[in-house]
Protein chains: 2
Amino acid sequence: MSWRGILEAYRSFLPVGEKTPVVTLLEGNTPLVFAPRLSRRIAPDAKVYLKCEGLNPTGSFKDRGMTIAISKALERGAKAVICASTGNTSASAAAYAARAGLACFVLLPKGKIARGKLAQALMSGAQVIAVKGNFDAALDLVRGVAEEHPVAVVNSVNPDRIEGQKTAAFEIVDALGEAPHYHFIPVGNAGNITAYWKGYREYKQAGKARRLPRMMGFQAAGAAPVFYDAPVKKPETVATAIRIGNPASWQAAKVALAQSNGLIDIVTDEEILETQLWLAVNEGVFVEPASAASVAGLLKSASRHHHPDCPLAAEVRASLIPASPIIVCTVTGHGLKDPDIVAHHKMKAVTVRATKGAVLEAMGLA
Amino acid sequence: MSWRGILEAYRSFLPVGEKTPVVTLLEGNTPLVFAPRLSRRIAPDAKVYLKCEGLNPTGSFKDRGMTIAISKALERGAKAVICASTGNTSASAAAYAARAGLACFVLLPKGKIARGKLAQALMSGAQVIAVKGNFDAALDLVRGVAEEHPVAVVNSVNPDRIEGQKTAAFEIVDALGEAPHYHFIPVGNAGNITAYWKGYREYKQAGKARRLPRMMGFQAAGAAPVFYDAPVKKPETVATAIRIGNPASWQAAKVALAQSNGLIDIVTDEEILETQLWLAVNEGVFVEPASAASVAGLLKSASRHHHPDCPLAAEVRASLIPASPIIVCTVTGHGLKDPDIVAHHKMKAVTVRATKGAVLEAMGLA
């Protein structure tokens, strides 16, 4: 049987019935790619895997939640959906709404959306409204509009989104035959860390896994309300997908962190960009900046493990206890989402005349 | 067992041995998405599926060939690889070479590369050389360089590439339980139509399918050497991925067309862009312009079917004989590869102040 999307694959774990229409682009079933060089950087016997969520239909993990949210919205008779977005949610909402035949409104923070994401929402026929404010302001507006008008909110304040997103944890356990020891994940609106934790717990309860991972969440240093335990009025980071100052799933994320004996920490934009480039050059995996936050967090944790005078060292050392730790990092979105990032890395092509001599010289072989 | 990439999945059909290193990003296993609205446009009982190759690791079908080409290059002791590319091949080569620890040189036609593709090659650490000429000139230069220097060519003149790409046909048969009646596909360098036909034939020979599809190839009108049976000196099309005037697999493609009782035809840039937008708005599938050529070709064929005074009508009518045709269109690359295409569609966001009144007015609800 070929893959039929997460709703069919995990139907018994999801809030859907026989009458729920199935709006799918065959999301999920994403690769869990072993990262040999990254593993060696962490510990001699570590096994680090990248859950490559950028290989979902619209290029990010958002599709898992959106197939459920849009299917349920259609079941409830919705004619239109609305969301606030830093870009990935709007790309996903626009695509699934198009497929369902629903109108789609998306509110984006003006000027802070990666080029690819904006193209996606526009191309799928969503009505794109750029708001002169940040994501948090856009989400407030979405809630306000939906209170008065019959449009279904498909942000992760909609619990159907979390339900869909938890299936990534199921897939990881299905692939490894067990839950990992540690799960590293970027934290922006905090829906995904909430969803993974829910997924791991439900799969353990169903007898599919014996253990639960520690959830290791990482925020961008300039947009780290969960880490600082206070909203951030003007969140700033190169990782636009997690540029959020007042996360919708804040409390649920705190529960996940506490229950899993997890950790919330920050990584700088410099660490994020360095890790993004390192992953592409060393593992062949090109992810968007926000996605690199999970791996940057892993590298930070591992380096602290080796420097016991760091304040967090005791906790981090404890977190790397297993002799052969199995670690999964979620990389949430594809590098193609944000092609302009190459400018940050100051990378460009060399231009030459169309002669063999010129090419050989550029190659360093002349 | 979770997916292990095309080399492991179809090992017995591929030119690999026990000692071949496996360089994989878990390519393949891409969704075959049913297209309900497209099906209805074609014929009452038609079933049209989109083979969404943009969900490969680097966002295009090229990864199927590259996992084999790079694995074999490594097995043969190569230290460096080189390719000419309209963008997708270079993105794939750069990623797989990075994973294999090989140096990678890519030659691109200057100024004619979609933004996402260039970002991919640069980020994975390839040495990117923009040549003041078109793809055909770049491919000539690659061949010239490789004759004199120990760099492995990973263009589709390398037969390992075709071997890997044929696995997409295997997956389609595995998913449908049979080969489709018609396979529509964009034709640029003509390697992919060659590969699919090889795959369908080998799978039939192995008893996995009873029939073979008719191969329906479509070129951009401004870059249609196979259709016109003559090289095109200055190929021009908005579909940069198939902007090729002298295809490497030209003869093999002619054989595929002849043996399958297939068809080669052209679609205009206008038809390509119209179809790209239609797919995104109606099926929720956003593909790069070149990918839309297959579906534009299907729509052209179907419209001719309804207009018997068209020169091709007899042949096309014949091609739609089955009462319930099963049709697969390969969509070769993700829409995120070329985000600047929205400019061609003259689409943009509406900007408003961050107030509920302004948002409601933009939504048409004030």
Side-chain angles (χ1 to χ4, degrees), chain A residues 2-3 25-26 31-33 55 57 59 95-96 98-99 105 107-108 110 115-116 118-120 122-125 127-133 137 141 144-145 149 174-175 277 280-286 334-337 339 341-342 347-354 356 359-360 362-363 365, chain B residues 2-3 25-26 31-33 55 57 59 95-96 98-99 105 107-108 110 115-116 118-120 122-125 127-133 137 141 144-145 149 174-175 277 280-286 334-337 339 341-342 347-354 356 359-360 362-363 365:
Chain A
S2 68
W3 182 254
L25 289 163
L26 306 186
L32 186 68
V33 175
L55 273 58
Y96 283 80
R99 199 154 169 93
F105 300 96
L107 272 61
L108 307 173
K110 177 166 172 58
R115 186 183 299 258
L118 183 60
Q120 289 180 289
L122 290 169
M123 284 293 292
S124 283
Q127 191 175 340
V128 180
I129 302 169
V131 173
K132 291 176 185 166
L141 287 165
V145 167
H149 295 273
D174 287 342
L277 188 58
V281 169
N282 290 280
E283 302 289 0
V285 176
F286 176 33
H334 204 287
L336 284 169
K337 287 276 191 171
I341 202 70
V342 292
M347 301 176 90
K348 55 181 188 174
V350 176
T351 299
V352 303
R353 281 171 301 121
K356 190 156 74 175
V359 170
L360 287 173
M363 291 174 71
L365 297 176
Chain B
S2 69
W3 182 253
L25 290 164
L26 307 187
L32 186 67
V33 174
L55 273 58
Y96 282 82
R99 199 155 170 93
F105 300 96
L107 273 62
L108 307 173
K110 178 169 171 55
R115 185 183 299 257
L118 183 59
Q120 289 181 290
L122 289 169
M123 284 293 292
S124 283
Q127 191 174 340
V128 180
I129 301 169
V131 173
K132 290 176 184 165
L141 287 165
V145 167
H149 295 273
D174 288 342
L277 188 58
V281 169
N282 291 280
E283 302 288 1
V285 176
F286 176 34
H334 204 286
L336 283 169
K337 288 276 192 172
I341 202 70
V342 292
M347 300 174 91
K348 56 180 188 175
V350 177
T351 299
V352 304
R353 282 171 300 123
K356 190 155 74 175
V359 170
L360 287 173
M363 292 174 70
L365 296 177

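Letters go in sequence order (proteins before strands), and every chain restarts at 1. Worth knowing before you read on, the calculation uses all heavy atoms, side chains too, and leaves out hydrogens, waters and symmetry mates.
Ranked by non-hydrogen atom pairs under 4.5 Å with chain B, the options A/V281, A/V131, A/L107, A/I341 are led by A/V281. For the set B/V145, B/V33, B/L55, the entry with the most heavy-atom pairs within less than 4.5 Å of chain A is B/L55. Among B/K337, B/M123, B/M347, B/Q120, the residue making the largest number of heavy-atom pairs under 4.5 Å with chain A is B/M123. Taking B/K356, B/H334, B/R353 one by one and counting their heavy-atom pairs under 4.5 Å with chain A, the maximum is reached by B/K356. Each of A/L365, A/V359, A/V350 has some count of heavy-atom pairs under 4.5 Å with chain B, and the biggest count is that of A/V350. When each of A/G125, A/A280, A/G116, A/A362 is scored by its heavy-atom pairs under 4.5 Å with chain B, the top score falls to A/A280. Taking B/G133, B/G335, B/A119 one by one and counting their heavy-atom pairs under 4.5 Å with chain A, the maximum is reached by B/A119. Considering only heavy-atom pairs separated by less than 4.5 Å from chain B, the leading option among A/L277, A/N282, A/L141 is A/L141. Here A/L336 is the residue among A/L336, A/V128, A/L26, A/L32 with the most heavy-atom pairs under 4.5 Å with chain B.
A/L108 does not touch chain B: none of its heavy atoms, backbone or side chain, sits under 4.5 Å away. With a 4.5 angstrom heavy-atom cutoff, A/I129 touches chain B via backbone and side-chain atoms both. Using a 4.5 Å cut-off between heavy atoms, A/Q127 contacts chain B through its side chain alone, with no backbone atom that close. The contact between B/L360 and chain A is made entirely by side chain atoms (from C-beta outward), counting heavy-atom distances below 4.5 Å. Neither the backbone nor the side chain of A/D174 comes within contact range of chain B; no heavy atom of the residue lies under 4.5 Å from a heavy atom of that chain. For A/K110, the part lying under 4.5 angstrom from a heavy atom of chain B is the side chain only. Contacts of A/Y96 with chain B are absent, with no heavy-atom separation under 4.5 Å from either backbone or side chain.
Side-chain contact between B/P57 and A/P31 is absent, with no heavy atoms from C-beta onward closer than 4.5 Å. In this structure, B/V352 and A/K132 have side chains that are not in contact, with every pair of non-hydrogen atoms separated by 4.5 Å or more.
With rounding to the nearest 0.5 angstrom, the NZ atom of A/K348 is 11.5 Å from the CG atom of B/L118.
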